[in-house]
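Worksheet: one structure, shown below.
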Amino acid sequence: MRLITGTTRRSILTLLRLAGIILLVLGIIQPIRSQEKVTVQKVVIDAGHGGKDPGAIGKHAREKDIALDVALKLGDYIKQQFPDVQVIFTRKTDVFIELHRRAQIANEHKADLFISIHCNATKSATPRGSETYVMGLHRSQTNLEVAKKENASILYELDYATVYEGFNPNSDESYITFSLFQNAYLEQSLVFATVLQQEFRDYTGMIDRGVRQAGFLVLYRTTMPGVLVELGFLSHPEEEKYLASAEGQHKIARGLFRAFNQFKTGLEGSIAVVVEPDSSATDKPPDQAAQTTPQVVFKVQIGTAGKQLPKDAPAFNGLKNVGFYRHDGLIKYTIGNEKTFDDALPLLELAKQKGVKGPFIIAFINGERVTVEEAKAVLNR
Ligand SMILES: [Zn+2]
């Protein structure tokens, strides 16, 4: 016969409690969360570095300045297209913000998405392109090096040893902690990271260096889907020029916005905002600046509403792939994305057949609404 001593009983109780906590974390929190309606109403945009911490330094440009410019532009685009979305910046000026404070800002606001914006640099001038990180354990030394470089920001903080519980950004051992990291938001973070890289590749024309994982303190401490994006390399002379230029930053911020748009509308099951092609020759990276012709697009307008409608709204009469643009405070719904006026005619017919009242063809040049005659004139040139 065995006696259970007081000490053993206590350790069993402790074990049971621990098991309970683990079950709670794994089994219960997840289902509750998944029953909630998923929306993206609050986004935190985090411009990396700032103040005494310049981040990576190129020949002419500094990471902290580019990150801030792109962050502010992205925030503007989101506010313009989604006036209901709350945009929170961790910084709007050139100030130093501690890494833990950035995460805290996002957590306090109960944000739905966290986007940390950075630029890369290496000793070699050859690497170029964009990469997006989600929290996790690095699978390659390259990824670890990027995390080390970004986490080294805490060395500018006065009390980093206490705040980060002895974490040493430069020691490989410190990163083993991240192998235990369980991320409830990994799936959504990966979705956002993936569409972001797609936009970098297809829209901005940057080289796609892929979605990666590494242990970033700023992501480690945030409790929502989040990514850290390395826009490009300041150590690559041409890419530095592009990243520092107004056109480059505009294009990159548009790419980030397009990814946000896809992520939000995808999660919410609402229709995607029409992001008009707005590229001109200078918008392209230097080696792809060959295209100079204005982009003309014809669509069929099927209706106007004061608010955003779900994609299966009765007002759309069963028409698929409905897009919209905002004009004069109203949302105008469209179908099609055609190169010529004649290509839009069958869609006009289709809308009429489906019972849409008074559909008509509209035109855009480089994303600007113009008259159909103006668009035709540009095509005839
Ligand atoms: Zn950085």
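Order of appearance sets the numbers: ligands from 1, and atoms from 1 within every ligand. Worth knowing before you read on, the calculation uses all heavy atoms, side chains too, and leaves out hydrogens, waters and symmetry mates. None of these values were measured; they are calculated from a predicted model.
By the 30° and 60° cut-offs, the orientation of the rings of Tyr156 relative to Phe96 is tilted. Between Phe260 and Phe82, the angle of the ring planes goes over 60°, which puts this pair in the perpendicular group of the 30/60° scheme.
Side-chain contact annotation: Glu374 with Thr371, donor-acceptor N/O pair under 3.5 Å present.
Here the closest heavy-atom approach between residue Asn107 and residue Thr222 is recorded as OD1-CA, 3.4 Å. The nearest pair of heavy atoms linking Ile302 to Thr334 is CG1-N, 4.3 Å.
A salt bridge links Glu268 to Lys264: one of the charged nitrogens lies within less than 4.0 Å of a carboxylate oxygen.
By the criterion of a separation under 2.8 Å, the protein N/O/S atoms near the Zn ion (ligand 1) amount to His49 NE2, Glu63 OE2, His118 ND1, Glu150 OE1, Glu150 OE2.
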